[in-house]
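Below is one structure, written out as structure tokens; the observations come after it.
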Protein chains: 2
Amino acid sequence: MTLEIPEVVINRLPVYARALADLADAGESVVSSQALGDLLDVTPAQIRKDLSYFGRFGKQGRGYNVQGLLARLREILGLDRRWRVVLVGVGRLGQAIAEYGGFSPQGFEIVAVFDSDRESVGKPIGGAKIRHSDDLDAFLRTNGVDIGIVAVPALAAQQVVDRLVKAGIQAILNYAPMTPHVPHGVTVRNIDPVLAMQSMTFYIKQREPAGK
Amino acid sequence: MTLEIPEVVINRLPVYARALADLADAGESVVSSQALGDLLDVTPAQIRKDLSYFGRFGKQGRGYNVQGLLARLREILGLDRRWRVVLVGVGRLGQAIAEYGGFSPQGFEIVAVFDSDRESVGKPIGGAKIRHSDDLDAFLRTNGVDIGIVAVPALAAQQVVDRLVKAGIQAILNYAPMTPHVPHGVTVRNIDPVLAMQSMTFYIKQREPAGK
DNA sequence: GGGTCATTGTGAAATCCGTAACAGATGGCC
DNA sequence: GGCCATCTGTTACGGATTTCACAATGACCC
Ligand SMILES: NC(=O)c1ccc[n+]([C@@H]2O[C@H](COP(=O)([O-])OP(=O)(O)OC[C@H]3O[C@@H](n4cnc5c(N)ncnc54)[C@H](O)[C@@H]3O)[C@@H](O)[C@H]2O)c1
Ligand SMILES: NC(=O)c1ccc[n+]([C@@H]2O[C@H](COP(=O)([O-])OP(=O)(O)OC[C@H]3O[C@@H](n4cnc5c(N)ncnc54)[C@H](O)[C@@H]3O)[C@@H](O)[C@H]2O)c1
């Protein structure tokens, strides 16, 4: 139905939702696009435009009802239900992810974790037991799983992505420093702090006429 | 000098550099924009256009010299030197960052780590000793530091960002789930897996006509 | 050394996205 | 109840980014 919404817009909605949740916590009941924009370093026009793709949520002369808009955004993004997630790769990063308390309150439940290292299979982590990655396919097929998190070394990552895709996973959060290939219809987000730093250095350098 | 290069372009350059490094490791000496594009899911025209902002690096009929282009990109991005980084917040995530082996080989050296918890001050982590965050300003002023990594709870993050900025830091990698405010001239990149997942759910939902 | 083929670099066209601006609606006030 | 100040929703515009398409160039071969 709504098939022409720019991806940049979709990527901003969770940011709006997060700010609205903070405002709600702070006891605010109404917010204007101007005030929300100040909070997020976004122009008010952009916020209004973004929201207008989905409907009319505000009241002229007043602004948006914080709880109301938050509820609508959550609905639009599909955050009004819980999502089942598997984690593949339980090294240092994978452990931090498995034990991170920030996912569950947002509706993302890590229902199983996998690793190829037989030594670690069976060990408990973040409420689950580590399973062997050979059992990944079987698990995915018998349990409904929505999202896969990849936290294996770069060299193993494409193989893991392929397995997740073959088993029907629709969305992948990739922490490995590589660009995964997925068929059309699978959504990927990459998290790579090194790339983030490597783009920042360009700007630092620009501002440093000395040095070099 | 070169002041009108779109930020999206700058953000793609490290991705190109990473792929070129992989190609170099694989023994490839030449690559075409087509081949590189296939690797990265980017159109060849985009690659050529991006590179053309900085000069002419290829040879018609042949493509780009892998080592040569990599060297030029590293130079453009400022990756031909080492960068000094401080980490603030040594909780679970901060520890994983401090001990992550992926930064140093790319030229990012974590020269000091800070936390506000007096219990943990003095403990060794990733080659450094944890310092108290009260000493952050003094350290930054006496040691040249280029980049700050923020890994504290959201409620403390703006305060930490402010301190880093006041001490002259030019670039901040923020892991806290909030939008930091910084003056013009300071570069920020945010890393937030929850936001990443929250935008993916939109697309999963789109594809699931059932459910809901 | 000329012909062929592949591939770059780049203006021009097309598309995408953000901003501006304002008509219209709403609440508050007297 | 009418007036005023405020703020939304939306359209139109302009700028930014991507894609297109092709002339120019270099490598290779015979
Ligand atoms: N540690 C960090 O802070 C950090 C930060 C950013 C990115 N990363 C990236 O995340 C990935 C993991 O990092 P790490 O530090 O946890 O590495 P790690 O070596 O500690 O852990 C990798 C884990 O993956 C498992 N594994 C390997 N191949 C597998 C396969 N085919 N199937 C299932 N499991 C497999 C290994 O047994 C190991 O437990 C790497 O790609 C790394 O570059 C890590
Ligand atoms: N753990 C993860 O995988 C993960 C993933 C994504 C984002 N995050 C975010 O990263 C941040 C840190 O997460 P965590 O799990 O490590 O939390 P944590 O509570 O384990 O660690 C936070 C650390 O920050 C320190 N701290 C608090 N206030 C400080 C201040 N003003 N100055 C210096 N240090 C201070 C605390 O003493 C503690 O050691 C949070 O904002 C979290 O939402 C964590």
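FYI, side chains are in, hydrogens and waters are out, and symmetry mates aren't considered; it's all heavy atoms of this structure. Keep in mind that this is a model prediction, so the values were computed, not measured. Residue numbers begin at 1 in each chain, while the letters A, B, ... track the order of the sequences.
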d(CG, B:Asp41; P, D:dT19) in whole Å: 12 Å
B:Arg189 CZ: over 12 foreign heavy atoms closer than 6.0 Å: yes
Value in whole Å for how far the C1' atom of D:dT17 lies from CD of A:Glu7: 15 Å
Gap separating the CD atom of A:Glu99 from the CD1 atom of A:Ile125, nearest 0.5 angstrom: 4.5 Å
Pairwise 5' ranking along DNA chain C for A:Val9 and B:Pro44, keeping only the more 5' one: B:Pro44
Separation of C:dG9 P from B:Phe54 CZ (nearest whole Å): 14 Å
Presence of A:Arg56 side-chain N/O under 4.0 Å of C:dG24 phosphate oxygens OP1/OP2: no
Short side-chain N/O contact from B:Gln46 to OP1 or OP2 of D:dT18, under 4.0 Å: yes
B:Arg62 side chain near D:dC28 phosphate (N/O to OP1/OP2, under 4.0 Å): yes
Any side-chain heavy-atom pair of A:Phe202 and B:Glu7 under 4.5 Å: no
salt_bridge(A:Asp146, A:Arg81) N-O dist < 4.0 Å: yes
Under 3.5 Å donor-acceptor pair, A:Gln60 side-chain atoms to C:dT26 base atoms: no
Length of the CG-C1' vector between B:Asn11 and D:dT17, whole Å: 14 Å
Whole-Å gap separating C1' (D:dC7) and CG (A:Leu51): 13 Å
B:Gln46 side chain to B:Asp50 side chain, donor-acceptor N/O pair below 3.5 angstrom: no
Interatomic distance, B:Ser116 atom OG to B:Gln159 atom CD [nearest 0.5 angstrom]: 8.5 Å
Whole angstrom value for the distance that separates C1' of C:dA25 from CZ of A:Phe57: 17 Å
Axis-to-axis angle between the two ends of the helix from C:dG1-D:dC30 to C:dC30-D:dG1 (five base pairs per end, rounded to 10 degrees): 20°
Value in whole Å for how far the P atom of C:dT8 lies from OH of B:Tyr16: 13 Å
Length of the line joining B:Asp50:CG and D:dA16:P, which is rounded to integer Å: 16 Å
Upstream residue (5' side of DNA chain D) when A:Val31 and B:Ala45 are each assigned their closest nucleotide: A:Val31
Which pairs would a plain distance check flag for residues 191-198 of chain A, meaning a side-chain donor or acceptor within less than 3.5 Å of a matching protein atom at least two apart in sequence or in another chain?
| residue | atom | partner | partner atom | Å |
| --- | --- | --- | --- | --- |
| A:Asp192 | OD1 | A:Val194 | N | 2.9 |
| A:Asp192 | OD1 | A:Leu195 | N | 3.3 |
| A:Asp192 | OD2 | B:Arg18 | NH1 | 2.7 |
| A:Gln198 | NE2 | B:Gln106 | OE1 | 3.2 |

Comparing B:Gly58 and A:Pro6 on DNA chain C - which has the more 5′ nearest nucleotide: B:Gly58
B:Arg48 (side chain) and C:dG9 (base): donor-acceptor pair under 3.5 Å: yes
C:dT19 phosphate, OP1 or OP2, under 4.0 Å from A:Thr43 side-chain N/O: yes
Short side-chain N/O contact to D:dG26 OP1/OP2 from B:Tyr64, under 4.0 Å: no
Heavy-atom side-chain contact between B:Leu140 and B:Ile169 under 4.5 Å: yes
Below 4.0 Å: OP1/OP2 of D:dA27 and any side-chain N or O of B:Lys59: yes
